[in-house]
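First the structure, in the form of structure tokens, and then the observations on it.
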There are 2 protein chains.
Amino acid sequence: MPAKRDTYTPDTLLAVAVRVFNERGYDGTSMEHLSRAAGISKSSIYHHVTGKEELLRRAISRALDELFALLEEPAALRGRAVDRLEHVTRRTAEVLMADLPYVTLLLRVRGNTDTERWAMARRREFDQQVAALLKQAAAEGDLRTDVDPRLATRLLFGMINSLVEWYRPDRSGHGGHTKDEVAEAVVRTAFAGLRTTPER
Amino acid sequence: MPAKRDTYTPDTLLAVAVRVFNERGYDGTSMEHLSRAAGISKSSIYHHVTGKEELLRRAISRALDELFALLEEPAALRGRAVDRLEHVTRRTAEVLMADLPYVTLLLRVRGNTDTERWAMARRREFDQQVAALLKQAAAEGDLRTDVDPRLATRLLFGMINSLVEWYRPDRSGHGGHTKDEVAEAVVRTAFAGLRTTPER
């Protein structure tokens with residue numbers, strides 16, 4: 001029987017739910033699992049939210065809000081497209097690391113509920129805005145033309161999004177890398193490549 | 001009640017199992033699910049294999065055998081490390097696309113059974129061999145030194161492995177890309193970068 005007093009705020013309850021969703025998958029998570037993980041009764045959880053889908057929506061909104069906000073930053077709006085694209089790449093990597101569990105959840109939703117389908121649509125919108133920036137940078141002559149812009153967008157996000165698979169904040173400081181080092185490595189690798197003497 | 005006559009070979013039964021594992025997750029798949037997907041009884045499946053873990057082991061072995069074999073190809077063994085690394089990158093992308101469901105399964109195992117832990121250990125071995133090649137290429141002066149080799153390895157695999165998330169063979173030919181185009185784009189992006197005029 002859950003024994004803990006319900007001292008949760010919306011944010012702290014959300015953090016518990018996101019952890020459980022990422023561990024068990026959203027489909028595989030029941031209110032019972034959430035109740036056990038939080039150490040409070042199901043009815044206490046219902047005091048905070050209407051159900052697990054509301055928790056999913058809140059968690060995903062948080063990730064999406066951060067991602068769309070970075071597209072509105074001055075450095076994402078002004079200057080050459082390639083520089084704006086580099087800024088967006090760096091900031092996307094930073095948001096991903098700063099809000100790791102929330103973005104992980106966003107990247108893993110598969111579209112079985114209205115909330116998941118909405119999340120996927122919003123994520124596509126974000127990808128499309130970055131793809132448009134990439135196309136503009138190519139049109140301005142700053143990106144290589146022998147890689148299709150759609151493929152380039154996929155590979156860029158492939159590299160950035162892979163962070164959710166291997167970046168762990170607790171490893172920084174002891175043999176790990178800081179967020180800044182990782183974001184810088186992503187930008188350098190994606191835009192300048194690993195080779196010292198590229199064949200172009 | 002399953003009605004289909006059991007005309008499966010080890011390979012065709014494996015293909016069904018891999019599809020179900022990828023859809024439901026290995027943990028979430030029961031022999032009942034496999035029986036329903038194959039359209040034959042559970043006892044017919046037990047005629048072929050000892051259980052679902054054997055199917056997992058066979059599927060993952062197939063992916064691992066392909067991956068380790070490419071490390072033994074002449075172009076992976078001879079020449080400058082950077083060229084060997086490019087060859088390994090291209091071939092890893094090709095193997096991933098050619099054996100997509102099998103490599104997808106390999107990349108998703110999380111280590112709850114002996115077979116999964118073995119798969120993860122073998123996968124780490126593969127990654128370490130590529131990382132060693134990357135370090136050698138850096139030592140030979142062909143890779144930039146301002147990105148840590150461990151980070152570079154992660155980002156390189158992040159880009160390659162992202163193919164399992166978005167590459168779909170059936171889209172090639174109608175607006176999609178051929179395997180060759182995708183593999184070439186991976187190599188160009190990873191080694192030479194997206195920019196036409198890199199700042200180095």
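Model, not experiment: these values are computed from the prediction. Letters A, B, ... mirror the listed sequences (proteins, then strands); counts begin at 1. Only this structure's heavy atoms are used, side chains among them; waters, hydrogens and symmetry mates stay out.
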Just so I understand: if I count every heavy-atom pair under 4.5 Å between each of B:Leu151, B:Val82, B:Val147 and chain A, which residue has the most?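 Of B:Leu151, B:Val82, B:Val147, B:Leu151 has the most heavy-atom pairs under 4.5 Å with chain A.
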Determine the option with the most heavy-atom pairs under 4.5 angstrom with chain A, choosing from B:Glu184, B:Glu181, B:Met159, B:Arg110.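 Of the options given, most contacts go to B:Met159.
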Give, for atom CG of B:Leu155 and atom OG of A:Ser162, the distance between the pair rounded to the nearest 0.5 Å.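 Those atoms lie 6.0 Å apart.
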Can you tell me how far apart CG (A:Leu194) and CG (B:Leu143) are? Round to the nearest 0.5 Å.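 Here the interatomic distance stands at 6.0 Å.
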Look only at the side chain of A:Arg195 and the backbone of B:Arg144, and say whether a donor-acceptor pair between them is shorter than 3.5 Å.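 Not at all, since once roles are kept as given, no pair shorter than 3.5 Å links the two residues.
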B:Trp166 backbone acceptor or donor facing A:Arg154 side chain under 3.5 Å: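 Side chain of A:Arg154 to backbone of B:Trp166: no pair is present.
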Name the region of A:Asp148, side chain, backbone, both or neither, that has any atom closer than 4.5 Å to a heavy atom of chain B.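 Just the side chain, heavy atoms under 4.5 Å.
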